[in-house]
Asks: 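Following this message is one structure expressed as C-alpha cells.
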Amino acid sequence: MILSSLGVAGLGLGLANLALGAAVAAPTYQLVDNYDASNFFSSFDFFTARDPTNGFVQYIDQKTATARGLASRPHGAVYLGVDAVNKTTSGRASVRLTSKKAYTRGLFIADIEHMPAGIGPGGSCGLWPAFWSFGPGWPNSGEIDILEGVHGELHNTVTLHTGAGCVVPCTGDAVESTQLLRADCFGHMGCTQKTRVPGSYGAGFNAVGGGVYALEWTDQAIRVWFFPRGSEKANELSSSSASASFGDDIPNAHTNTTTSSSSSSSSFCNSYDDDDDIDNLTRQSRFQNTAPNPSTFGRPIAAFLASPTCSFADHFKEHNLVFDTTFCGDWAGAVWADADGGMCLRAAAGKSCQEYVGQNPRAFMEAYWLIRSIKVYQLM
Ligand SMILES: *[C@@H]1O[C@H](CO)[C@@H](O)[C@H](O)[C@H]1NC(C)=O
Ligand SMILES: *[C@@H]1O[C@H](CO)[C@@H](O)[C@H](O)[C@H]1NC(C)=O
Ligand SMILES: *[C@@H]1O[C@H](CO)[C@@H](O)[C@H](O)[C@H]1NC(C)=O
C-alpha cells in the first residue's frame, strides 16, 4: 500500500518533469556507439572463464580464437564461430564476447546476418546461443535476453532476470502471438515471453539473411522488435547502419496512430494506465533527429512494462552487451531428452547432449554469429 502510493506520487513528479523538459529542450536519442567490423574486437572482451551456465564449452581467448578462425571479419561483418572440426570430451571451443562499455537504458539496434543454428531436423541439437545484456552483481542489476533459444527452436524467447521483487505479469503491447511463460523475473528462471514470429530465431532467421533486432530499454518498458531481412524496417535500419551520418537515409516517421492507439488501449496492463502517457510524451518529444524512432516500429515481439510490481530503474542498470554460443548446460542440457520432439535424442542415438556435441563437430558448421553492426542510442 505504502509502496504503491509512493509509486504514484513519483510518477506524477516524473510526468511534470517530462512536460517541463519537453517545453524547454526535449531529450532525443543520439547515437553513442556504433559497433561493426572496424571496432568490434577492440570494443568487446573475450570471456574465458568457466561458463556460468554450465555449458559443455571452452571459451577461448582472442589470440586463440583468431588463430583458429573462430573470430574474424569476413566481408565487413563480425564472425563469431565455434570449433566445427575437432572432437572433444572437455567442451567445444567457442567464444563469448562482452562489450567493454556498459549502458543504462537506451535503444539498441543489432543488424545480424546469421545466428548459430544448423540446417534440417536435428541440425541444431545441443546449441544454446544468445545475444543479451547484464549488469554487475547478477542478478541484482538485471539481465535482458534479447535473442536466445536452444536446439532447433524456431521462435525467439525474450527473458529478463532480476533480483527479488520484480514481477511483470503481462506482455504489454507485444504482438498477440507472444505468450507469457513466467511473470516473476527473479533469479535463474526469470520472466519469459515466448514469441511465435516466423524467422525470429534459428534456421528460419538464417534462411532470409537474418534481420534487425531492436531493444528499447527505458524506465517504463523493455521492448524487443524483430525485422526480418528484406522487410521495410530492416531496410531502413540496416541502410542507416551502412552510413556514418544518418542524413536522408531514414524516411520521415510514418507513425501509424491506428496501431499505437489500439495497442495502448487493448493490450497494456490495466493496472498502470499512466504508463501510456509517459510513453506518448517521451515518444513524441524524443525523436526530432534522424535516429530510428521506435514509435514507427509497430508492435514489438516482446514487451515488459514497469509497474508498481517492478521498478525497472531499480532492477536494471549498467549492462554490458554479450554474444555467446554455448552447448548443453543449464537450459539446452536440461531439456535434451525432449529437444525437437525427441529428434535430438534420436540424432544422438540416445547419447547425452555432451557426448553428442563432443563427438559430432561437423554438426556445428553453421553455429556462428555474423553481425553487421550494433548501434547504441541514448537520450541526450
Ligand atoms: C582443432 O584442434 C587443433 C589441435 O588442438 C587445433 O590446432 C585447431 O585449430 C582446432 N581447430 C579448430 C577449428 O578449432
Ligand atoms: C496501420 O495499422 C492498421 C492496423 O494494424 C493497418 O490496418 C494499417 O494498414 C496500417 N497503416 C499503415 C499505413 O501502415
Ligand atoms: C497516445 O497517442 C495516440 C496517438 O497520438 C493517441 O491516440 C492516444 O490517445 C494517446 N494516449 C494517451 C494515453 O494519451
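Just so you know, ligand 1 is whichever comes first in the structure, and atom 1 is the first atom listed for that ligand.
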Asks: Specify whether Trp217 and Phe316 have parallel, tilted or perpendicular ring planes, treating 30° as the upper limit for parallel and 60° as the lower limit for perpendicular.
Replies: perpendicular
Asks: Which protein non-hydrogen atom lies closest to atom 14 (O) of ligand 1, naming both residue and atom, and how far is it?
Replies: Arg68 CD, 3.0 Å
Asks: Between Glu153 and Lys194, does at least one N-O distance fall below 4.0 Å, as a salt bridge requires?
Replies: yes
Asks: Does this structure show an ion pair linking Glu176 with Arg299, if we count only N-O contacts that are shorter than 4.0 Å?
Replies: yes
Asks: Strictly inside 4.0 angstrom of atom 10 (C) of ligand 1, do you find any protein heavy atom?
Replies: yes
Asks: Look at atom 7 (O) of ligand 1 and say whether a protein heavy atom is found at less than 4.0 angstrom from it.
Replies: no
Asks: Please tell me whether Thr296 and Lys233 have a donor and an acceptor in their side chains that are separated by less than 3.5 angstrom.
Replies: yes
Asks: Looking at non-hydrogen atoms alone, which of Asn86, Asp83, Thr88 comes nearest to atom 1 (C) of ligand 1?
Replies: Asn86
